[in-house]
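Worksheet for the structure shown next.
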Amino acid sequence: MDLGASQTREQLTALLVNKANLQAEVLERAGRVDEAIAVLGADVAARRSSAEIMCVSYARLLARHRRIEDLHQMATGDHEYAAFYPLVTALEEEGQPEEAETLLREYITTTDCPGNYQSLLMELLVRQGRLDDAVEAVRPTFEDRWNGLLQSAVLVLAEHGRHSQVASFTSRSSICL
């Protein structure tokens with residue numbers, strides 16, 4: 001494949017993403033939410049355009065309109081990376097933080113890349129004022145040089161005035177912050 005054909009394909013993909021996003025945005029602003037969801041949902045299902053960008057747009061649209069079931073299907077299907085944050089946020093805003101926590105904890109045990117979801121769980125618990133639970137949720141990552149969340153936990157504790165706990169972690173850790 002020559003470079004010109006590759007660039008043309010990328011430009012076409014970008015146009016398709018922009019077209020679907022723009023069309024959905026116009027429909028949403030006109031109060032035609034179901035149609036907007038259908039436009040982006042069809043694009044995601046058909047994988048017509050850049051999957052990651054479109055999935056994120058679709059997940060955010062679903063979250064704005066509290067389509068929890070659809071978000072849950074995305075998060076537990078092929079689009080977990082794009083859907084988990086909007087789903088957790090929507091559940092939390094709907095007064096269901098326990099469900100969001102359970103979903104995250106279950107997913108963390110089954111995924112090959114738990115770090116992003118552990119971080120999301122820590123953030124959820126911090127927003128609920130559960131600092132000790134937040135730290136415990138990410139403690140298993142502390143010795144991981146590449147994906148560890150020790151620094152994030154230390155920053156959260158320091159921001160909340162838990163300086164003695166920070167000193168304890170940093171003095172015991174073999175990992176440099």
Side-chain angles (χ1 to χ4, degrees), residues 1-130 133-134 137-138 147 149 152 155-156 159:
M1 176 189 308
D2 69 23
L3 189 57
S6 176
Q7 286 178 333
T8 302
R9 189 166 307 165
E10 288 174 16
Q11 290 169 339
L12 181 59
T13 298
L15 286 172
L16 288 173
V17 168
N18 289 336
K19 178 185 178 239
N21 271 330
L22 183 59
Q23 183 180 8
E25 187 176 328
V26 168
L27 289 167
E28 182 184 19
R29 288 182 180 194
R32 297 163 55 188
V33 174
D34 290 335
E35 291 175 66
I37 289 171
V39 165
L40 291 184
D43 200 86
V44 167
R47 299 180 187 265
R48 281 193 297 258
S49 54
S50 177
E52 190 64 31
I53 294 169
M54 192 55 64
C55 288
V56 169
S57 295
Y58 183 52
R60 288 177 180 167
L61 176 65
L62 292 172
R64 282 193 301 276
H65 296 284
R66 302 296 185 257
R67 303 294 173 94
I68 304 292
E69 243 349 274
D70 294 328
L71 271 171
H72 192 273
Q73 287 176 347
M74 282 184 77
T76 56
D78 292 338
H79 308 294
E80 73 275 354
Y81 190 77
F84 253 100
Y85 181 79
L87 175 59
V88 166
T89 302
L91 286 169
E92 188 177 14
E93 289 173 357
E94 287 290 309
Q96 301 174 37
E98 299 84 14
E99 187 175 336
E101 179 181 349
T102 300
L103 182 70
L104 283 166
R105 287 187 187 278
E106 288 173 359
Y107 195 73
I108 287 167
T109 63
T110 62
T111 185
D112 292 334
C113 302
N116 291 329
Y117 306 101
Q118 288 168 309
S119 178
L120 189 54
L121 176 60
M122 181 176 73
E123 292 169 8
L124 172 70
L125 295 171
V126 166
R127 286 192 301 271
Q128 294 175 16
R130 297 170 52 195
D133 291 339
V138 298
N147 300 308
L149 295 169
S152 297
L155 290 173
V156 164
E159 288 170 355

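The structure presented is a predicted model; accordingly, all values stated were derived computationally and were not measured.
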Quick check against the 3.5 Å criterion: does S119 have a side-chain atom that pairs as donor or acceptor with the backbone of G115?
no
Do L120 and E123 come within less than 4.5 Å of each other through their side chains, counting heavy atoms only?
yes
Mind jotting down which residue pairs meet the ring-ring contact (aromatic ring centres under 6.0 Å, His included) criterion with at least one end in residues 85-104? Sequence neighbours excluded, please.
none
Spacing of NE2 belonging to H72 relative to CD1 belonging to I68, to within rounding of 0.5 Å
10.0 Å
So how far is it from L103 CG to L87 CG, rounded to the nearest 0.5 Å?
5.5 Å
List the residues meeting ring-ring contact (aromatic ring centres under 6.0 Å, His included) with Y107, not counting sequence neighbours, and say none if there are none.
F84, Y117
Give a yes or no on whether R60 atom CZ has more than 12 heavy-atom contacts from other residues, nucleotides or ligands under 6.0 Å away.
no
When rounded to the nearest 0.5 angstrom, what distance separates CD in E92 from CD in E101?
10.5 Å
Between M74 and E80, is any pair of side-chain heavy atoms under 4.5 Å apart?
no
Is the closest side-chain heavy-atom distance between E99 and E94 below 4.5 Å?
no
So P86 and L71, do their side chains get closer than 4.5 Å, heavy atoms only?
yes
Residue pair A20 / L40: nearest heavy atoms and the distance that separates them
O-CD2, 3.7 Å
In Å, rounded to the nearest 0.5 Å, how long is the span from OG of S57 to CG of N21?
3.5 Å
Measure the spacing between CG of N116 and CG of L149 and express it to the nearest 0.5 Å.
9.0 Å
Would you give the length of the straight line joining atom CZ of R130 to atom CG of L121, rounded to the nearest 0.5 angstrom?
8.0 Å
Looking only at atom types and distance, does a side-chain atom of T111 sit under 3.5 Å from a main-chain N or O of I108, one as donor and one as acceptor?
no
Listing, residues 27-35 side-chain donor-acceptor contacts under 3.5 Å, not counting sequence neighbours, or none:
from, atom 1, to, atom 2, distance (Å)
E28, OE1, R64, NH2, 2.9
E28, OE2, R64, NE, 2.9
E28, OE2, R64, NH2, 3.4
E28, OE2, H65, NE2, 2.7
R29, NH2, E25, OE2, 3.0
R32, NE, E35, OE1, 3.3
R32, NE, E35, OE2, 2.8
R32, NH2, E35, OE1, 2.6
D34, OD1, R67, NH1, 3.2
D34, OD1, R67, NH2, 2.7

Side-chain contact, heavy-atom cut-off 4.5 Å: Q118 with N147?
no
